[in-house]
Amino acid sequence: MAKKLQNNKRIFLVTGGAGFIGSHLCERMINEGNKVVCFDNLSTGRFENVSPLKNNPNFIFVKGDANKIKDIEPVFKEFKLDGVFHYAAVVGVKRTIENPLAVLQDIEGIKNILELSVKYGKPKIVFSSSSEVYGEPKELPEKEDGCVNPLTPYAVVKLAGEKFLESYWQKYGLKTCALRFFNVYGPRQESSDYGFVVGIFIKQVLGGKRPTVFGDGSQTRDFVYVKDNVEASIRAMQSESANGQVINVGTGRPLTIYDLANSVILCSGKKDLKPELAKTKRIDVKHRFPEIGKLLKLLKFHPNTPINDGLRETIDYYKNGNV
Ligand code: UDP
């Protein structure tokens, strides 16, 4: 941590800052004139995601594990943080199911961030929760104060995180906000088998292969372009009315996976390909889409990047050799 940052700017910590969402957030926060400490253990995050920022005087990269107090406490000690985006986590359906104990370790990270925030000047915390907490939904659209039904260790940890944030807000007046992210997509998302459907489909289609749609493809998700997700995150950090709240971040418009596959084909200009229906052993949630009244009211924001625009930008990224 030898590099010193310029004075008189607001300073934010982004854990998981070299990951897919975290790296876009770092970039946007820097562009808005803030200082950013990007903290990442580079297990799934990649330094290349933030390498364009590396010579920026307002950017500092710290390699470390948010789940280890010895790694993360020095950051709180050295920098007088104005806010923390706690986005470091084990992610991806396949990876989280294969590594339940690693997922459980992320509870330590949540504990560290909360305790250190209370100890060092009470920066506000924005936490990346997940639509996974709804599991197989009891009602649609899914509402923040409605039923949750977490089915996986990942979802249980995210829900625990939300509840702990809320209790620190109540007990210590620590400003917190948990965002339930629906399916985020965009450049830099992992496209391997351990990744997510948009990257996987794009990789298949650009390679001349048919996108493998699991089941009959009638399952639905709500796809949020990463830049919209980042906008919601920044608004959550700024908004006083978001303190102590849990907020869905989605478009409110569900899309079937079959239609997604066709959109990827269309936007890639590979019109002769057709989606391929594939069997999977994976236990999949059938439908998932949010009620977004709180997002509109508290953050005054509606994610509205049209799916084909977001897909085209994402395809361009992968076309540039970034698979
Ligand atoms: N999916 C698919 N083919 C793939 C990967 C995923 O049809 O190669 C489907 C999956 O069954 C799910 C949706 O795409 O219904 C979203 O999957 P992802 O792993 O991206 O996120 P999830 O919403 O399941 O957490």
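Numbering of ligands and ligand atoms starts at 1, following listing order.
For ligand 1, the atoms sitting less than 4.0 Å from at least one non-hydrogen atom of Ile200 are 8 (O), numbered in the order shown with element in parentheses. Heavy-atom contacts of Glu132 reach the following atoms of ligand 1: 25 (O) (cutoff under 4.0 Å). Of all atoms in ligand 1, numbered sequentially from 1 with element shown, those under 4.0 Å from a heavy atom of Val93 are 19 (O), 24 (O), 25 (O). Here is the list of ligand 1 atoms found below 4.0 Å of a heavy atom in Val213: 7 (O).
With no hydrogens or angles considered, a side-chain donor-acceptor pair links Gln204 and Thr212 at under 3.5 Å. When only modelled atom types and interatomic distance are considered, Glu139 and Tyr134 share no side-chain donor-acceptor pair under 3.5 Å.
Of the protein's heavy atoms, Thr212 O, 2.7 Å lies nearest to atom 3 (N) of ligand 1. Of the protein's non-hydrogen atoms, Ile257 CD1, 3.6 Å is the one closest to atom 13 (C) of ligand 1. Closest to atom 16 (C) of ligand 1, if we only count protein heavy atoms, is Val197 CG1, 3.7 Å.
Using a 4.0 Å cut-off between charged nitrogen and carboxylate oxygen, Arg188 and Glu27 count as a salt-bridge pair. Looking at Arg288 and Glu132, a side-chain N of the basic residue comes within less than 4.0 Å of a carboxylate O on the acidic one, giving a salt bridge. One finds a salt bridge joining Arg235 and Glu231 here, because a Lys/Arg side-chain nitrogen approaches an Asp/Glu carboxylate oxygen to under 4.0 Å.
Under the rule for a side-chain contact (heavy atoms from CB on, under 4.5 Å), the partners of Pro187 that lie at least two apart in sequence or sit in another chain are His24, Tyr225, Val226, Thr314, Tyr317. Partners of Phe214 by ring pair (Phe, Tyr, Trp, His ring centres under 6.0 Å), not counting sequence neighbours: none found.
Ligand 1 has at least one atom lying under 4.0 Å from a heavy atom of Arg282.
Under 4.0 angstrom from ligand 1, the non-hydrogen atoms of Asp284 all belong to its side chain. The proximity of Asn183 to ligand 1, defined as any non-hydrogen pair under 4.0 Å, is limited to the side chain.
Considering backbone and side-chain atoms alike, Arg288 places an N or O below 3.5 Å from some N or O of ligand 1. Backbone and side-chain nitrogen or oxygen atoms of Phe214 are examined, and one is located within less than 3.5 angstrom of a nitrogen or oxygen of ligand 1.
Of the residues Phe39, Phe181, Phe20, the one that meets the ring pair (Phe, Tyr, Trp, His ring centres under 6.0 Å) test with Tyr87 is Phe181.
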